[in-house]
2 protein chains.
Amino acid sequence: MRATIRDVAKAAGVSAATVSRALNRPDLVDPETLERVRKAMEEMSYQPSAIARGLSARRSDTLGLIVPGITDFFFNELYKGIDRASQQYGMKVLLYDSEHSRERAFEGFSILSGYQVSGIIFTSKLVTEDYDPILQRVNIPVVLTLTQSAAKTPLTAFRIDEVRAMFDVVAYLVSRGHRQIAMIAGKLWDDRTGELRLEGYREGLRHFGIEYCEARVEFGQYRFDDGYQAMQRLLERIRDVPFTAVCTASDEMALGAIRCLNDHGYRVPDDISVMGFDDLPIARMVTPRLTTVAQPFHEIGEEAVKWLIRAASQPPSPSEIGDYLLPHRLVERESVRSIS
Amino acid sequence: MRATIRDVAKAAGVSAATVSRALNRPDLVDPETLERVRKAMEEMSYQPSAIARGLSARRSDTLGLIVPGITDFFFNELYKGIDRASQQYGMKVLLYDSEHSRERAFEGFSILSGYQVSGIIFTSKLVTEDYDPILQRVNIPVVLTLTQSAAKTPLTAFRIDEVRAMFDVVAYLVSRGHRQIAMIAGKLWDDRTGELRLEGYREGLRHFGIEYCEARVEFGQYRFDDGYQAMQRLLERIRDVPFTAVCTASDEMALGAIRCLNDHGYRVPDDISVMGFDDLPIARMVTPRLTTVAQPFHEIGEEAVKWLIRAASQPPSPSEIGDYLLPHRLVERESVRSIS
DNA sequence: TTGTAGGCGTTATCAC
DNA sequence: GTGATAACGCCTACAA
């Protein structure tokens, strides 16, 4: 049996209350007593029960994280930031994988709230109005990362300016001499990000006086195979609608696209240039290294945690709630070439 | 304020105990009562407090997972299996990243035990004797994955037969006509896996009557850059100790090695063949696709969870404790070619 | 089958 | 500065 607070109290010749204070408000206890208590804790290798503490104090030093799928490559990067920040505040993280299901996501909120988490980070999926009831019910701070809200409940989100990011991609490609630019966009039923990036693409074209051509756009669900297949469709009509560069909505799709191009005898970037999106660790591990736009995953994770912790101690004012756009960055590597 | 068990009880006109039973032992309660209770729970959208339950029942439907680093590519795959199985048993997962530090790992055990987790999955790092005290102290089942124990406390582990796996790699390369086989082995201060794979390499060579040559072996810490640098060192002496194939201790190092080869004007596999290890998702996304040995990450994760759950309900007999070796599989793709 | 009562390990509010 | 004492929300004998 593990030692409890009472065991420590007895050993130190004080009451449980004092041990508790020694733990949480050491300034309120006599230095000598404190010393005794600490020694006792040390000797019994006392580890306070987070569970009991949570029950009593109605908070649990735990954050909940809801991700759509653990195998999404960006997860590790986002988590890195979350972990770094939460550790700094002595918080633990409870992970919940919604497996791309809305019901599972709802359930995630419920379950996590059952664990008295002091906040929930929700990732990547669009929050629609059907989340409102559950959002209302779990009465704890929620923050969004890599996505945004279309629900009634005001929610703050940390993400990049998707439109602007893809605009920058187009601008970059144009600056490298490309005018015939295809796109492999992202599309998921509960995803607004894909649309935003597409919008950025269109804005970019418009800005540079390039006509938007539907036949140059294909969609995929962000994964490798989707990128491959989308490229295949693009390739089928390359005679009629040629392109010298392709921008994609994810690094993974970019890899798929490149593979498809290779399989059809095209070299990247010599024949066709490809741009990724995300700047995941793999982007620099492949040949050609991916030219891509970097999302500040770590920072987003950190900011989300900080926001949550702030929100837990002091309800945020309406003006503090909203979308926080963090800066993205274009990373030049090898998958795009300049054409005359 | 969230509804408590008492609120539900009142609404259903029963006692809290009955609600509790309705939740945990529905077979013990009258069907009609059960119905009433369930309706009440539904209406109040009652979510039992996992915290309180854990305190009272001294278990928490939570598993702890200690990983050395969240950014290790295999993590997602392992977690996938863990999540799948734990979900099946209604367990949640508390994640702890030890950041490759032994102290943090110790702390992980402590903290997780403070959360009353019903078991801990420890990953990837060698468990040495200095873990014994903490292992003894946290009095909960611990299971190892992708590693093994060198501690006194008997521990069960799920992993593959590393020696055999690397032996198979060598056998495969030999069957493809290779005799001059270099290796980029893994080395970490708290890692035995690297040694085992190296051993498999040596056994393989011996078995096929190939002389082991130290100059053909380099070491790295499993990451991309390590693979790159190791290959660079190998290349520096390729005149004196030539090789036609390289096997590596991780897919990531294989990618680094390939990149290094490319940078030095070698083509893979035309000039030199490269083998990975792990079969991570990226292995099939790069060009050339990696020929590699697949670790059954999902199964390992699942088995670990099942073992933990079994152990929680019934202390395992000494004979059940030990190393469980799951089958690996050689995946043939494009990074190795046959030579005459 | 159901209810009562005590306890799980803390924290928080009082007195002292 | 310290010590009782009452929660916190649930589970589990035990009794009815």
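The shown structure was predicted, so the numbers you read here are calculated from the model rather than taken from an experiment. So that the names make sense, note that chain A is the first sequence line, chain B the second, and so on, each numbered from 1.
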*Nearest-Å distance, CD (B:E35) to C1' (C:dT1)?*
17 Å
*Distance test, side-chain N/O of B:S56 to OP1/OP2 of D:dT12, below 4.0 Å*: no
*May I have the step-by-step check of side-chain contact (heavy atoms from CB on, under 4.5 Å) for B:T33 and B:T18, ending in yes or no?*
CA-CA 9 Å; B:T33 319; B:T18 301; 4.0 Å; yes
*B:R59 CZ to D:dC10 C1', straight-line distance once rounded to whole Å*: 11 Å
_Value rounded to 0.5 Å, distance of CD1 in B:I309 from CD in B:Q88_ = 8.0 Å
*A:S15 side chain near D:dG3 phosphate (N/O to OP1/OP2, under 4.0 Å)*: yes
*Would you indicate which nucleotide in C:dT10, D:dC11, D:dG3 comes nearest to any side-chain atom of A:A17?*
D:dG3
*Nearest 0.5 Å please: distance from the CG atom of A:L78 over to the CD atom of A:E302.*
10.5 Å
*Please check the phosphate of D:dC10 (OP1 and OP2 only) for any side-chain N or O of B:S49 closer than 4.0 Å.*
no
_B:Q47 CD to A:E107 CD distance, which is reported to the nearest 0.5 Å_ = 8.5 Å
*Would you mind reading off the distance between A:K10 atom NZ and D:dG3 atom P, rounded to a whole angstrom?*
14 Å
*Separation between CD of B:Q295 and CZ of B:F74, rounded to the nearest 0.5 Å*: 8.5 Å
*Expressed in angstrom and rounded to an integer, what is the separation of B:I51 atom CD1 from C:dT10 atom P?*
13 Å
_Can you see if the side chain of B:Y46 gets near the phosphate of D:dC10 - specifically, an N or O under 4.0 Å from OP1 or OP2?_
yes
*How close or far is atom C1' of C:dT2 from atom CD of B:E32, stated in whole angstroms?*
14 Å
*asked:* For a quick test of reading the model: is some side-chain N or O of B:R58 closer than 4.0 Å to OP1 or OP2 of C:dC8?
replied: no
*Which of the following nucleotides, D:dC8, C:dT2, D:dC10, is nearest to the side chain of A:L55?*
D:dC8
*Counting side-chain heavy atoms from CB outward, which of D:dC11, C:dT10, C:dG3 is closest to B:I5?*
D:dC11
_Flag if over 12 foreign heavy atoms under 6.0 Å of NZ, B:K306_ = yes
_From D:dG9, D:dG1, D:dC11, nucleotide with atom closest to A:T33 side chain_ = D:dG1
*Taking the side chain of B:D30 as heavy atoms from C-beta outward, which of C:dT13, D:dG9, C:dT2 is closest to it?*
C:dT2
*Look at all strands and tell whether A:A57 reaches a base, only sugar-phosphate, or nothing, counting heavy atoms closer than 4.0 Å.*
sugar-phosphate
*How long is the line joining CZ of B:R21 and C1' of D:dC10, in whole Å?*
13 Å
*Any side-chain N or O of A:R53 less than 4.0 Å from the OP1 or OP2 oxygen of C:dG9?*
no
*Check the distance between D:dG1's P and A:R36's CZ and give it to me in whole angstrom.*
15 Å
_Classify B:V14 by what it touches in the nucleic acid, base, sugar-phosphate, or nothing, heavy-atom distance under 4.0 Å._
sugar-phosphate
_Rounded to whole Å, how long is the line connecting atom CG of B:L28 with atom P of D:dA13?_
12 Å
